[in-house]
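Both backbone and side-chain heavy atoms feed into the values below; hydrogens, waters and symmetry mates do not. Chain A is the first sequence line, chain B the second, and so forth, proteins listed ahead of strands; every chain is numbered from 1.
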Amino acid sequence: MREKKSAFYCKLKMEELIIQAVIKGIASIYGAEVDVNSIQPQKTRKEFEGDLTVVVFPFTKISKKSPEQTAEDLGNYLVEHVSQITDFNVVKGFLNLSIAAEYWIKELENINQHQQYGKAAPSGKTYMVEYSSPNTNKPLHLGHLRNIFLGYAVAEILKANGHSVIKTQIINDRGIHICKSMLAWQKFGKGETPESANLKGDHLVGKYYVEFDKAYKKEINRLIEEGLTKEVAEKEAPIFKEAQEMLRKWEQGDEEVVALWKKMNGWVYEGFDVTYKTMGVDFDELYYESDTYLLGKSAVEEGLKKQVFEQKEDGSVWCNLSAEKLDDKLLLRADGTSVYMTQDIGTAIERYKNHPNLNGIIYTVGNEQNHHFNVLFTILKKLGYKWAEECHHLSYGMIALPDGKMKSREGTVVDADELMAEIVNDAKKMTQERGHLDGLSQHEKEQLYAQIGLGGLKYFLLKVDAKKGMVFNPEESIDLNGNTAPFIQYAYARIQSLLKKANELNYSSIYTNVELNEEEITLIKLMKDYPIVLHEAGANISPATLCNYIYELVKTFNHFYQNIPVLREEDKNKLAFRLVLSENVAKIIALSMKLLGIEVPTKM
RNA sequence: GGUCUCGUAGCUCAGCUGGAUAGAGCAACUGCCUUCUAAGCAGUAGGUCAUAGGUUCGAAUCCUAUCGGGAUCACCA
């Protein structure tokens with residue numbers, strides 16, 4: 001679904017107008033045709049005069065003149081033939097065009113008329129966005145936060161691009177790792193419950209996952225001392241064998257094991273619900289691995305029939321991927337049991353059965369599974385599923401701690417609940433120090449701390465290109481100055497304050513004749529970009545693109561705010577215009593932050 | 001070893017579908033609150049865009065190679 005920017009870019013009227021005029025201009029001046037793609041109007045850099053710039057180097061072959069002369073010729077033609085172009089100047093091969101002020105005023109009017117400015121018309125397409133996908137043997141950690149915030153933001157951005165979106169997660173609720181927690185609880189838990197331990201259910205279960213690992217390691221060491229090699233010891237440790245036995249019983253539907261499994265998973269879900277609520281995310285549809293882990297076998301049979309897969313002598317089934325320069329992939333073991341890939345093939349097909357109008361699935365999964373998804377999509381395509389073309393692995397980089405990887409077995413993780421509580425507490429401290437809290441109720445104050453803290457955390461994780469890995473130092477609290485959510489929220493709050501005062505003073509926001517200054521034009525140009533950026537963020541599945549844009553917009557607004565009076569302006573026309581301008585900046589901030597899952601406060 | 005990916009200021013990152021003198025934030029230093037919220041604004045300093053070639057009128061951006069970091073190449077999930 002990756003798409004070139006230019007295709008969309010050209011739909012914007014001013015740029016399109018210029019492109020058409022340049023084509024005509026070249027034809028009229030030099031009598032030749034130019035390639036449309038070689039005309040790319042771009043914003044004029046701030047150090048030069050003008051609003052839009054056309055690079056004329058590509059035309060010099062046609063004109064057989066110097067870049068300067070070519071630009072000069074074209075500039076004269078454009079000023080003469082395009083009424084919105086008022087002036088031009090030439091710097092080397094760059095033709096800088098000045099656009100009439102009325103154009104910018106109209107642009108703002110257009111923005112002002114749309115409450116949902118930037119939102120695309122319905123595309124008729126439906127995408128499923130899978131994110132979170134937790135294991136039910138431990139609480140969520142920082143890595144999940146990145147995953148979940150990313151997936152949520154992508155889902156919202158796609159919606160704003162006019163697509164229908166189904167948010168989903170696949171819950172990894174079965175398997176050996178789950179049995180480990182269950183077994184350790186059975187052995188060492190003494191009937192402990194979330195209530196009795198006064199612990200969130202997911203944390204309680206996670207505690208026993210760590211307990212298992214401790215006991216397991218002890219047994220391994222004992223066996224090694226008894227003379228076994230490490231590999232053998234790992235397989236022979238009694239507690240490990242017990243866990244395997246428990247998994248077998250679960251698969252056979254053993255009542256006692258299943259009851260324990262249900263009880264402990266129930267605790268975990270209660271815990272997850274609380275965490276998700278704090279995070280402010282939701283899902284439309286849930287898939288449980290215990291329901292899906294046997295899926296895919298019929299797809300394998302179908303693949304065998306179509307000769308997409310092949311069966312070896314031992315009965316195992318493989319997909320030959322040498323044409324794709326990938327290693328062959330096993331899909332069914334000799335004993336007929338399936339592997340992870342089989343299950344993912346089955347689940348994808350199941351999802352299309354449930355939603356026949358689905359155009360694609362976006363999987364938000366760490367980059368350690370790049371290869372897995374590459375193979376998955378390749379196999380689905382081989383099986384002839386057309387929708388596989390629009391499946392996408394939203395791959396994100398791992399978050400490491402200063403001393404290395406996070407390991408949940410060893411308990412060296414940054415816990416999601418703790419981190420969120422800490423950052424909200426930081427926000428509380430900072431907010432109280434500033435003391436702009438008059439007139440807020442206790443509830444409103446708490447809400448504000450949460451908006452700032454969680455907003456800061458989300459933005460911190462979203463502003464970096466997803467594919468990049470990052471190191472998180474728990475000692476250094478997350479920065480809330482500079483390119484951060486509070487910076488953006490603050491600008492929003494200041495605008496709200498302006499609007500409130502204007503309202504109290506009964507200032508009109510109706511203007512007739514206005515002269516624009518540079519700061520205002522710069523702002524409108526950026527605001528006009530919002531739909532383009534939103535489209536780009538959707539096409540590239542990149543919330544970071546949106547973050548960068550908001551930051552740029554806010555910086556530009558702050559510059560305006562600092563230098564240009566609004567309420568203190570004596571010319572009532574200008575005052576009204578600036579109110580409308582500010583209000584619409586705030587609107588774009590709120591709309592775009594909402595897509596990132598970040599709230600904006602009216603006061604801070 | 002094969003494949004993929006990243007390498008831009010002391011640190012964290014933008015910019016990467018080729019365009020002008022490579023931009024922010026943090027940290028350091030300097031100004032600006034009797035004036036719309038100083039979580040702000042303005043400024044100083046800080047760069048061989050990993051390295052070497054190539055394509056181009058033009059390369060941080062595209063191609064090739066090399067170096068360095070990460071991921072992956074399971075009958076684990």
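- Residue D479(A) places no side-chain atom within donor-acceptor reach of the base of A27(B), judged by atom type and a 3.5 Å distance cut-off alone.
- Relative ring orientation between Y293(A) and W250(A) is described as tilted, the plane-to-plane angle lying within the 30° to 60° band.
- Residue contacts for K603(A): at a heavy-atom cut-off of 4.0 Å it reaches a base atom on one of the strands shown.
- Between Y551(A) and F487(A), the ring centre distance stays below 6.0 Å.
- Both H436(A) and K468(A) sit near RNA chain B, but only K468(A) has its closest nucleotide nearer the 5' end.
- Contacts of Y551(A) with the nucleic acid, taken as non-hydrogen atoms under 4.0 Å apart, involve only primed sugar atoms and P, OP1 or OP2.
- Stacking between F48(A) and A20(B) is shown: the ring centroid lies under 5.5 Å from the centre of the six-membered base ring, and the planes differ by under 30°.
- Among the heavy atoms of the strands lying under 4.0 Å from Q369(A) is at least one base atom, whether or not backbone atoms are also near.
- We find that the ring of F487(A) and the base of G40(B) do not stack by the test of centres under 5.5 angstrom and planes tilted less than 30°.
- Aromatic rings from W261(A) and Y288(A) are positioned such that their centres are separated by 6.0 Å or more.
- For R494(A), the listed nucleotide lying nearest its side chain is G40(B); candidates were G40(B), G15(B), G23(B).
- Evaluation of F94(A) against the base of A20(B) yields a stacking contact (centre distance < 5.5 Å, interplanar angle < 30°).
- Using a 4.0 Å heavy-atom distance criterion, L321(A) is classed as making no nucleic acid contact.
- Around the NZ atom of K500(A), the shell of radius 6.0 Å holds no more than 12 heavy atoms that belong to other residues, nucleotides or ligands.
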